[in-house]
Q: 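One structure, pasted below without further comment.
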Amino acid sequence: MPVLPSSITAPLREQFHALLPRRRVVHPLGCHRPRIPDRVVFDQFLARLVPGGTHQQHADHQVSATTLRSRRDERIAAGVFEAPHQAAPEAFDQAIGLDLDNLAVDGCIVKAPGGGENTGPSPVDRGKSGTKRSLPVEGGGPPIGCALAGANRHDSPLLRPTLETLGRFGFQLPDRITVHLDSGHDSRVPRTLLTELGCGWRITPKGAFLPIHHTRRWVVEPTNSWHTRGFKSLAIVTDRRAVVQAAWVALAGAVIVIRRLIRKAWTAYRWDTRAARRP
């Protein structure tokens, strides 16, 4: 049974295959064993991302865990994981339009029982190993970047690397950006940084009760929930290397943006193969 609808996996698979580097066969007699098809490996990547687990748990008669790890590292080195995460927001911007005038940033702490890079003692899980994701989202909710750090890192120092992920949009950024933050950023450091970057801000004051639905920051909460509830590999991080952790976050971000693009396009456009019901 597919872990994701074909309407999401089809464009992702096409993007992956288009970016794969050309394979060079250096064996003098060629390859004695047939190479595992890229489609099978991609489906196993999605199976690893959504239900979670290890590569050993998802290995079967078609592909081994060693092959999955080697293909994963090849694609990370070639930038294949990052490219869909870049292409999906660009497609969303062309079809629907990104609201980059209002950004929301928030952190999310998840378990990382194996330790490794971007991990630290979690202040909300009795000091166990954990990872923090600092996520910026556009005004409607789709993620447009991510910064990883240990669970013990405060949100304020992570604001700079989080906002630096916006550099992917180049000169398409608006002249004035308003960043919406929670009370964890109510200090001098975030305000100094935002002033330096020429951004405005809306920060919930410390000690003040302000319902989240009365602010524009609420859109980041569902996105954090999609990360942890929709992708088990992001809820329990078992990868120890930072590049692998970032690869899975990038793939999950592309899935979320494509899903939102399909839902928005269903009401904004008409096409011959358009589904009868809103996906």
Q: Step by step, would you call Asp101 with Arg176 a salt bridge (charged side-chain N to carboxylate O under 4.0 Å, His left out)?
A: CA-CA 7 Å; Asp101 295 318; Arg176 185 68 173 177; over 6 Å; no
Q: Partners of Phe42 by ring pair (Phe, Tyr, Trp, His ring centres under 6.0 Å), sequence neighbours excluded?
A: Phe16
Q: Quick check: does any side chain N or O of Arg191 sit under 3.5 Å from a backbone N or O of Ser187, one acting as donor and the other as acceptor?
A: yes
Q: Do Asp38 and Arg13 sit within salt-bridge range, that is, some charged N less than 4.0 Å from a carboxylate O?
A: no
Q: If only atom types and distance count, is the side chain of Arg168 paired as donor or acceptor with the main-chain N or O of Ile144 below 3.5 Å?
A: yes
Q: Would you say the side-chain atoms of Thr131 pair up with the backbone N or O of Thr119, donor to acceptor, closer than 3.5 Å?
A: no
Q: Below 4.0 angstrom, N of the basic side chain to O of the carboxylate: do Arg160 and Glu196 qualify?
A: yes
Q: May I ask you to say whether Arg48 pairs ionically with Asp43, meaning some side-chain N is under 4.0 Å from a carboxylate O?
A: no
Q: How does the hydrophobic cluster around Val237 look, that is, which other residues are in it when side-chain heavy atoms under 4.5 Å mark a link?
A: Val110
Q: Applying side chain to side chain donor-acceptor pair (under 3.5 Å), can you list everything that pairs with Asp106, at least two apart in sequence or on another chain?
A: none
Q: Is it the case that over 12 heavy atoms from other parts of the model lie below 6.0 angstrom from the CZ atom of Arg270?
A: yes
Q: Does the pair Asp99 and Arg216 meet the rule for a salt bridge (charged side-chain N to carboxylate O under 4.0 Å, His left out), with working shown?
A: CA-CA 12 Å; Asp99 181 11; Arg216 301 199 62 167; 3.2 Å; yes
Q: Counting heavy atoms not belonging to Arg188, are there more than 12 under 6.0 Å from its CZ?
A: no
Q: Is there a donor-acceptor pair closer than 3.5 Å between any side-chain N or O of Thr223 and the backbone N or O of Gly141?
A: yes
Q: Can you tell me if Asp155 uses its side chain to pair, donor with acceptor, with the backbone of His185 under 3.5 Å?
A: no
Q: Is any NZ, NE, NH1 or NH2 atom of the basic residue among Arg202 and Asp182 found under 4.0 Å from an Asp or Glu carboxylate oxygen of the other?
A: no
Q: Indicate if Leu148 and Ile256 have the same hydrophobic cluster label, given that clusters are the connected sets of ILVMFWY residues with side-chain heavy-atom separations under 4.5 angstrom.
A: yes
Q: For Glu221, is there any backbone N or O sitting under 3.5 Å from a side-chain donor or acceptor partner on Ser225?
A: no
Q: Look only at the side chain of His85 and the backbone of Ala247, and say whether a donor-acceptor pair between them is shorter than 3.5 Å.
A: no
Q: Where the side chain of Arg260 meets the backbone of Gly140, is there a donor-acceptor pair that is under 3.5 Å apart?
A: yes
Q: Checking Thr162 side chain against Ala147 main chain: does a donor-acceptor pair fall under 3.5 Å?
A: no
Q: Verify, without hydrogens or angle tests, whether Asp125 (side chain) and Gly127 (backbone) share a donor-acceptor contact under 3.5 angstrom.
A: no
Q: Mind running ring-ring contact (aromatic ring centres under 6.0 Å, His included) on Trp226 and Phe231 for me, showing each step along the way?
A: CA-CA 7 Å; Trp226 295 338; Phe231 308 97; 9.6 Å; no
